[in-house]
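In this chain, residues are counted from 1 in sequence order.
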Amino acid sequence: MNVLNYFQDKSSRGFTLVETLVAIALLMIAISAPFYSVQQAIVASNAARDQLIASSLAQEGAEYIYYLRDNNYLAGNSWLTGMDSCLTGNAPYGCMIDPSQNTLTSCISSGCTPLKLSSSNLYTHAGNFSPTRFTRTVQIQSVSAAQVKITVTVTWISGQRNYTVTVVENLYNWI
């Protein structure tokens, strides 16, 4: 057998097993990288959505306390009427508010209950709707005779992490 024939025959045999495995590994890396990027984008999108919902729920809680104060003024009542049960000394675990039901309720020692999402897409505590992962707690702390500090905290769990959004406002007796 001639040496030239030996090398010509070997080169015409095709890929070796090692070359094939290297090619498959490179192909898998090229395919899996975009899938990982898409998965990370979905996780980031869900986190941003939850953050937006929680921020809106916290702001709604503060706005509802302003609404109560303004209605008390229009009705000729004391500015904290209906809110005094949620002052820090009276409600050590905070309060739950439900603007859709116009209620303000003290939380129990195990904490406030999660909000539910109604069929009309309102967050509420009433009804037999599915609970969400969001829990809203309102605390009202007396600062002076004409000022209280409102702290609205929305917490939720996503995956294995706990998240929190807090809104702090000062409410004044402006009459």
Side-chain angles (χ1 to χ4, degrees), residues 1-67 86 91-101 103-105 107-141 149-171:
M1 176 181 225
N2 174 330
V3 175
L4 285 174
N5 288 342
Y6 176 76
F7 285 116
Q8 287 175 348
D9 290 340
K10 186 170 181 169
S11 65
S12 63
R13 291 186 199 170
F15 292 110
T16 64
L17 183 60
V18 173
E19 291 171 328
T20 304
L21 289 176
V22 169
I24 290 173
L26 290 174
L27 187 61
M28 292 303 292
I29 290 170
I31 290 173
S32 64
F35 282 125
Y36 179 75
S37 297
V38 168
Q39 187 262 343
Q40 290 297 85
I42 290 170
V43 168
S45 173
N46 288 338
R49 180 203 59 210
D50 290 346
Q51 183 81 21
L52 182 62
I53 291 170
S55 298
S56 297
L57 288 170
Q59 189 61 42
E60 178 188 45
E63 294 294 332
Y64 183 71
I65 300 298
Y66 277 100
Y67 163 80
C86 285
Y93 306 107
C95 286
M96 300 180 292
I97 63 167
D98 191 345
S100 67
Q101 301 295 313
T103 59
L104 185 66
T105 313
C107 297
I108 57 175
S109 62
S110 60
C112 297
T113 59
L115 291 163
K116 300 174 186 176
L117 189 61
S118 73
S119 56
S120 57
N121 289 326
L122 294 175
Y123 286 88
T124 182
H125 286 287
N128 293 325
F129 303 111
S130 299
T132 66
R133 60 185 140 181
F134 299 102
T135 302
R136 176 173 48 199
T137 305
V138 178
Q139 294 180 323
I140 303 173
Q141 180 181 5
K149 179 176 145 184
I150 304 164
T151 305
V152 183
T153 306
V154 177
T155 58
W156 73 99
I157 298 173
S158 182
Q160 303 274 326
R161 279 184 74 187
N162 294 328
Y163 294 91
T164 302
V165 170
T166 303
V167 170
V168 178
E169 298 273 345
N170 289 315
L171 183 67

Engineer: For Glu19 and Thr16, indicate whether the former's side chain and the latter's backbone hold a donor-acceptor pair under 3.5 Å.
Structural biologist: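 Indeed, once roles are kept as given, a pair shorter than 3.5 Å links the two residues.
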
Engineer: Is there a side-chain contact (heavy atoms from CB on, under 4.5 Å) between Val168 and Lys149? Walk through the geometry before answering.
Structural biologist: CA-CA 7 Å; Val168 178; Lys149 179 176 145 184; 3.8 Å; yes

Engineer: Side chains of Val18 and Thr20, heavy atoms from C-beta outward: is any pair under 4.5 Å?
Structural biologist: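 Of all side-chain heavy-atom pairs linking Thr20 with Val18, none is under 4.5 Å.
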
Engineer: Please identify each residue that fulfils side chain to side chain contact (heavy atoms under 4.5 Å, CB included) with Phe35, with sequence neighbours left out.
Structural biologist: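 Result, side chain to side chain contact (heavy atoms under 4.5 Å, CB included) vs Phe35: Ile31.
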
Engineer: Tyr93: what forms a side chain to side chain donor-acceptor pair (under 3.5 Å) with it, not counting sequence neighbours?
Structural biologist: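 Side chain to side chain donor-acceptor pair (under 3.5 Å) check on Tyr93 returns nothing, list empty.
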
Engineer: Report the distance from atom OG of Ser32 to atom CD of Gln39, rounding to the nearest 0.5 Å.
Structural biologist: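 Reported value, rounded in 0.5 Å steps: 12.0 Å.
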
Engineer: Just so I know, are the side chains of Ile53 and Tyr123 near enough to count as touching, which here means a heavy-atom distance under 4.5 Å?
Structural biologist: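 Side chain of Ile53 against side chain of Tyr123, heavy atoms only: contact under 4.5 Å found.
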
Engineer: Check Pro34 against Ala30 and note the closest heavy-atom contact, atom names and distance.
Structural biologist: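 What the structure gives for the nearest pair is CD-O, 3.1 Å.
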
Engineer: For a quick test of reading the model, state the closest non-hydrogen atom pair linking Ala58 to Val152 and the distance between them.
Structural biologist: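 Taking Ala58 first and Val152 second, the nearest heavy atoms are O-CG1, 3.5 Å.
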
Engineer: Could you list all the side chain to side chain donor-acceptor pair (under 3.5 Å) pairs where at least one residue sits in residues 127-138, not counting sequence neighbours?
Structural biologist: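 As it turns out, the side chain to side chain donor-acceptor pair (under 3.5 Å) pairs with a partner in residues 127-138, which skip direct neighbours, are Asp50-Arg133, Glu60-Arg136.
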
Engineer: Would Phe129 and Leu117 satisfy side-chain contact (heavy atoms from CB on, under 4.5 Å), going step by step from the backbone distance to the final call?
Structural biologist: CA-CA 6 Å; Phe129 303 111; Leu117 189 61; 5.9 Å; no

Engineer: To the nearest 0.5 Å, tell me how far Ile97 CD1 sits from Leu115 CG.
Structural biologist: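 Spacing of CD1 (Ile97) from CG (Leu115) equals 9.0 Å.
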
Engineer: Holding to side chain to side chain contact (heavy atoms under 4.5 Å, CB included), I want the full list of residues that pass it with Cys86, two or more places apart in sequence or in another chain.
Structural biologist: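 Once residues adjacent in sequence are excluded, the partners of Cys86 under the side chain to side chain contact (heavy atoms under 4.5 Å, CB included) criterion are Cys95, Leu104, Ile140.
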
Engineer: Do the non-hydrogen side-chain atoms of Glu169 and Glu63 ever get within less than 4.5 Å of each other?
Structural biologist: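 Not in contact.
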
Engineer: Quick one, Thr166 and Thr151 - any side-chain contact, counting heavy atoms below 4.5 Å?
Structural biologist: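 Thr166 reaches Thr151 side chain to side chain.
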
Engineer: For residues Ile65 and Leu171, determine if any side-chain heavy atom of one lies less than 4.5 Å from a side-chain heavy atom of the other.
Structural biologist: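 Sidechains of Leu171 and Ile65: in contact.
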
Engineer: List in chain and number order the residues that pass side chain to side chain contact (heavy atoms under 4.5 Å, CB included) with Ser45, two or more places apart in sequence or in another chain; answer none if no residue qualifies.
Structural biologist: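 Applying side chain to side chain contact (heavy atoms under 4.5 Å, CB included) to Ser45 gives none.
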
Engineer: Any luck finding a side-chain donor-acceptor pair between Thr124 and Asp98 under 3.5 Å?
Structural biologist: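 Present: a donor and an acceptor within the cut-off.
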
Engineer: Among all residues two or more places apart in sequence or in another chain, which pass the side chain to side chain contact (heavy atoms under 4.5 Å, CB included) test with Ser55?
Structural biologist: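 Counting only residues at least two positions away or on another chain, Ser55 forms a side chain to side chain contact (heavy atoms under 4.5 Å, CB included) with Gln51, Val165.
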
Engineer: Roughly how far, to the nearest 0.5 Å, is the SG atom of Cys112 from the CE atom of Met96?
Structural biologist: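 With rounding to 0.5 Å, CE (Met96) is 5.5 Å from SG (Cys112).
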
Engineer: Trp156 vs Tyr163 aromatic rings, parallel, tilted or perpendicular, using cut-offs 30° and 60°?
Structural biologist: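 Aromatic pair Trp156/Tyr163 classed parallel.
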
Engineer: In Å and rounded to the nearest 0.5 Å, what is the NE2 to OG distance from His125 to Ser100?
Structural biologist: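 Output value for this atom pair is 9.0 Å.
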
